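Since the structure comes first, as structure tokens, the remarks are kept for the end.
Bear in mind the structure is a predicted one, so any value in this text is a computation, not a measurement.
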Amino acid sequence: MIELSCDLGEADTREGIAVERAIWPLIDAGNVACGGHAGDEGSMGEAIRLAGAHGVIVGAHPSYPDRENFGRVSMDIGHDALVESLVQQISRLPARRVKAHGALYNDAHAGAARAAAIVEAVQRAGSPAVVAGDTSQTAAVARARGVAVIREAFADRRYNEDGSLVSRREPGALLSIAEAAEQAKLLAAEGVVIARGGRRVPIAFETLCIHADMEGAVERLRAIRAALGR
């Protein structure tokens, strides 16, 4: 059975919180915001409670320390300062894995320096695994340093031909409900996606992620589950 995961603990409105609560029973693992871009003691406490109630794995979802931009803008921050921030974030949760958020995740996909900061923080915080794309620098650095890698694919985001994600600022980056269900089905059956431009790109993965902050997130997740026969 394919593991379904979701980035959670990020909502700050009544509607967003209700969406997140509806998602917890439908997933196997939740990556929980831990203060860098979103999240506080209340949201983290609720995430731990809901994860326990539904048998969901808890992961930490740290980011650049940039709540103003929701962690979606690359940040000019030194290596040591970034590592220290990430360690502080990860240590706020009893996490079995760590997945970077937003711009940090994307910067570390191709950038060895940012990848090294993530992996160093994971090791210092005592987490056993990092979640990353199979072909990313994060995965490469983690493997080189003996940290387990949980390879991730995305059901609801469009891919570039190099295996990276199309930026949310570009048209078509976020897949519709029908498109996401079809991408999930193709990933499950053949381990590939149809990238922007039409090329079939192989994506090796153990966990299939969806995003709670996209419009129609619950309906999209239910469609993905149906496409996977769950």
Side-chain angles (χ1 to χ4, degrees), residues 1-67 69-72 86 88-106 118 121-122 125 127-133 150-157 165 168 174-175 177 180 184 205-225 228 230:
M1 184 175 68
I2 292 174
E3 179 188 276
L4 291 173
S5 56
C6 185
D7 301 338
L8 293 164
E10 299 175 332
D12 61 0
T13 66
R14 181 178 299 177
E15 294 79 7
I17 291 169
V19 167
E20 291 202 355
R21 287 173 177 166
I23 284 174
W24 279 102
L26 304 175
I27 59 173
D28 306 300
N31 309 304
V32 179
C34 40
H37 67 289
D40 55 26
E41 295 302 325
S43 62
M44 285 184 277
E46 173 164 278
I48 293 168
R49 178 181 64 80
L50 290 170
H54 298 291
V56 176
I57 295 168
V58 173
H61 196 39
S63 74
Y64 285 123
D66 183 16
R67 295 178 74 94
N69 295 301
F70 200 70
R72 287 185 175 154
L86 295 176
Q88 290 178 6
Q89 293 177 57
I90 296 165
S91 299
R92 298 177 76 181
L93 286 164
R96 291 169 54 183
R97 56 180 66 173
V98 174
K99 174 191 170 182
H101 165 79
L104 180 58
Y105 184 101
N106 293 333
I118 293 170
V122 168
S127 182
V130 64
V131 178
I150 299 170
R151 300 175 297 179
E152 180 178 48
F154 292 88
D156 54 11
R157 295 286 305 277
L165 297 177
R168 281 177 178 252
L174 310 182
L175 300 185
I177 291 174
F205 70 100
E206 281 86 40
T207 190
L208 186 60
C209 183
I210 68 102
H211 293 87
D213 61 349
M214 290 170 56
E215 185 177 354
V218 176
E219 293 76 13
R220 187 177 288 98
L221 177 53
R222 287 177 176 149
I224 289 166
R225 287 176 60 90
L228 299 176
R230 296 189 57 180

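Taken from CG in L104 to NE2 in H61, the straight-line distance is 10.0 Å, to the nearest 0.5 Å. How far CG of L8 is from CD1 of I17: 12.0 Å, rounded to the nearest 0.5 Å. From E206, atom CD reaches atom CD1 of I150 across 7.5 Å, with rounding to the nearest 0.5 Å. The structure places CD1 of I224 at 12.0 Å from CD1 of I27, a figure rounded to the nearest 0.5 Å. Note that OG1 of T207 is 8.0 Å distant from CD1 of I57, once rounded to the nearest 0.5 Å. The structure places CG of N106 at 6.0 Å from CG of L165, a figure rounded to the nearest 0.5 Å.
Side-chain atoms of R220 do not come within 3.5 Å of backbone N or O of A212 as any donor-acceptor pair. Side-chain atoms of R230 come within 3.5 Å of backbone N or O of I2 as a donor-acceptor pair. Distance alone, capped at 3.5 Å, places no donor-acceptor pair between the D156 side chain and the L175 backbone. No donor-acceptor distance shorter than 3.5 angstrom exists from the side chain of R72 to the backbone of H101, with no hydrogens or angles considered. Between the side chain of S43 and the backbone N or O of D40 there is at least one donor-acceptor pair closer than 3.5 Å.
Contact annotation: the side chain of V130 never approaches that of R97 to less than 4.5 Å [non-hydrogen atoms, C-beta and beyond].
Sequence neighbours left out, the pairs with a member in residues 12-22 that pass salt bridge (charged side-chain N to carboxylate O under 4.0 Å, His left out) are R21-E46.
G59 and L93 make their closest contact through O-CD1, 4.1 Å (heavy atoms, listed as atom of the first residue, atom of the second, distance). Taking all atoms of both residues into account, the shortest heavy-atom contact from R225 to L26 is NH1-O, 2.8 Å. Pairing each heavy atom of S63 with each of L86, the nearest pair is O-CD2, 3.6 Å. Contact record, A155 with L208: N-CD1, 3.8 Å, taken as the closest heavy-atom pair. Nearest heavy atoms, A38 versus A33: O-CB, 3.4 Å. Closest non-hydrogen pair, A95 versus P128, comes out as O-CD, 4.2 Å.
Between H37 and F70, the ring-plane angle classifies as perpendicular under the 30° and 60° cut-offs.
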Assess whether side-chain contact (heavy atoms from CB on, under 4.5 Å) is satisfied between L174 and E215, documenting all intermediate values.
CA-CA 10 Å; L174 310 182; E215 185 177 354; over 6 Å; no
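The salt bridge (Lys or Arg N to Asp or Glu O under 4.0 Å) test applied to D66 returns no partner, not counting sequence neighbours.
When the shell of 6.0 Å around CZ of R67 is examined, it contains more than 12 heavy atoms from other residues, nucleotides or ligands.
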